[in-house]
There are 2 protein chains.
Amino acid sequence: MRRDSRLSGVLHVLLHMAEFDGSVTSERLAALMNTNPVVVRRLMGGLRDLGLVASEKGHGGGWTLVCDLDRVTLYDVYVALGSPGIFAMGHRSEEPACLVEKAVNGALGSAFEDAERLLLARFSDVTLGHLSADFHARMAASGPCAQEAHPDVA
Amino acid sequence: MRRDSRLSGVLHVLLHMAEFDGSVTSERLAALMNTNPVVVRRLMGGLRDLGLVASEKGHGGGWTLVCDLDRVTLYDVYVALGSPGIFAMGHRSEEPACLVEKAVNGALGSAFEDAERLLLARFSDVTLGHLSADFHARMAASGPCAQEAHPDVA
DNA sequence: CACTCATGAAACATATCGTGTTGCATGAGA
DNA sequence: TCTCATGCAACACGATATGTTTCATGAGTG
């Protein structure tokens with residue numbers, strides 16, 4: 001549990017959901033991720049609020065994709081998670097009185113801003129559809145006898 | 001204490017040291033940083049190992065800059081700190097068996113690599129001399145009656 | 001209506017890691 | 001010998017992602 005893997009995790013969930021027809025329960029998704037259903041619900045909450053997925057209670061309930069995979073980017077998913085902090089590093093003080101620290105913040109800050117801008121731009125360039133296509137390409141490349149997408153669903 | 005501020009902190013220390021003539025004790029540096037002398041020693045250990053600073057024990061001991069400020073970049077300092085992890089986010093699994101996760105890792109990984117490359121390139125473009133010059137410019141800009149660099153040293 | 005299934009939410013435990021702090025050993029100079 | 005300062009180890013603390021349990025809510029089924 002070294003770093004924040006929520007974006008990685010929620011993308012994993014979404015791509016698995018794209019392989020299902022109907023709705024999928026948190027429990028089944030959690031089994032695919034080797035984690036706990038509550039963790040899945042926490043991850044999905046923000047996505048539901050932004051209309052990327054829908055959840056239904058009760059019998060036959062679960063999670064459903066309600067967005068166009070080709071119109072949702074990694075950036076959208078990132079925002080749905082609450083735009084978590086990107087960098088593990090930061091300033092010692094955001095509003096320093098010390099002029100030395102202001103100079104340090106200036107140099108580091110602009111570098112971090114540029115890197116963040118590039119990263120989020122890259123996120124905006126990739127749709128869930130791209131990821132899904134990449135997944136299917138890997139499926140095909142792994143041979144005709146490759147495992148199914150969901151071997152544990154049978 | 002939200003994020004790793006070691007790079008910011010150690011740059012702060014180095015720039016303050018540049019304003020001193022002789023050696024400076026950890027205690028004095030810690031006072032400038034509002035922290036503990038042991039924290040300063042921890043930060044400086046890696047820099048000493050790489051020959052950026054030197055330390056001496058006993059009477060009159062302390063820390064001295066032994067590098068050319070114009071030849072040491074932020075990247076060098078970053079490496080001296082042990083090249084700490086840059087991003088707060090990462091993969092759920094580095095070597096996943098799941099093809100979905102491989103696709104996710106591929107997309108996220110290349111974006112993170114590009115952003116890291118950009119960030120470190122920016123670090124390599126900035127020397128400690130640049131930061132020091134920036135600091136002195138800020139000193140001059142803050143007016144003739146501005147505080148000294150080390151008002152608490154008098 | 002009673003029962004079951006599944007989400008929603010809150011509380012708590014756990015692990016990691018940067019930071020702060022204390023204590024003691026080592027070595028250099030007065 | 002005494003003092004000063006680094007070096008190092010150990011421990012406490014705070015923040016946060018993650019894992020887990022418990023209970024409430026609501027939707028479908030018999």
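These figures come from a predicted structure and were not determined experimentally. For the numbers below, each heavy atom of this structure counts, side chains included, while hydrogens, waters and symmetry mates do not.
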**Q.** B/W63 CH2 - D/dA5 P separation (whole Å)
**A.** 14 Å

Q: Could you tell me which non-hydrogen atom of B/W63 sits nearest to which non-hydrogen atom of B/S26, and how far apart they are?
A: NE1-OG, 2.8 Å

Q: Please figure out whether B/V39 or A/V24 has its closest DNA chain C nucleotide nearer the 5' end.
A: A/V24

Q | Residues which pass side chain to side chain contact (heavy atoms under 4.5 Å, CB included) with B/H59, listed by chain and number, not counting sequence neighbours | A | none

Q.
My understanding is that only residues two or more places apart in sequence, or in another chain, count here; which of them pass side chain to side chain contact (heavy atoms under 4.5 Å, CB included) with B/E116?
A. B/I86, B/F87, B/L120

(Q) Restricting to side chain to side chain contact (heavy atoms under 4.5 Å, CB included), what partner residues turn up for A/T64, sequence neighbours left out? (A) A/S23, A/A54

Q. Given atom CD of A/E27 and atom C1' of C/dC5, what is their separation to the nearest angstrom?
A. 10 Å

**Q.** Nearest-angstrom distance from the residue atom CG of B/D49 to P of D/dT6
**A.** 15 Å

Q: Check which hydrophobic residues are tied to A/L118 through side-chain heavy-atom contacts below 4.5 Å, counting indirect links as well, and list them.
A: B/L118

Q: Take the protein atom CE of A/M89 and the nucleotide atom P of C/dG18, then report the distance between them rounded to whole Å.
A: 10 Å

Q. How long is the line joining CZ of B/R92 and C1' of D/dA17, in whole Å?
A. 13 Å

Q.
Over all strands shown, is B/R6 touching base, sugar-phosphate only, or nothing at heavy-atom distances under 4.0 angstrom?
A. sugar-phosphate

Q) Can you tell me how far P of D/dA17 sits from CZ of B/R3, to the nearest Å? A) 13 Å

Q. Is a donor-acceptor contact shorter than 3.5 angstrom present between the side chain of A/R48 and the base of C/dG8?
A. no

Q) Closest to the A/R42 side chain: C/dA11, D/dG7, C/dT21? A) C/dA11

Q.
With a cut-off of less than 4.0 Å, is there a side-chain N or O of A/S26 near OP1 or OP2 of C/dT7?
A. yes

Q: Spell out protein contact along nucleotides 22-27 of chain C as letters: B when the base is contacted, S when just the sugar-phosphate is, - when no protein heavy atom is under 4.0 Å; keep the 5' to 3' order.
A: B---BB

Q: Please report, rounded to the nearest Å, how far the P atom of C/dG8 is from the CG atom of A/L43.
A: 13 Å

Q: Find the distance between CG (B/L108) and OH (A/Y78) and round it off to the nearest 0.5 Å.
A: 12.5 Å

**Q.** DNA chain C contacts among residues 75-84 of chain B, heavy-atom distance under 4.0 Å
**A.** none

**Q.** Inter-residue atom distance A/C67.SG - A/L50.CG, 0.5 Å rounding
**A.** 10.5 Å

Q. Given that A/S5 and A/G60 both sit by DNA chain D, which one's nearest nucleotide is further toward the 5' end?
A. A/S5

**Q.** Check: A/S8 side chain, B/R92 main-chain N or O, donor-acceptor pair, under 3.5 Å
**A.** yes

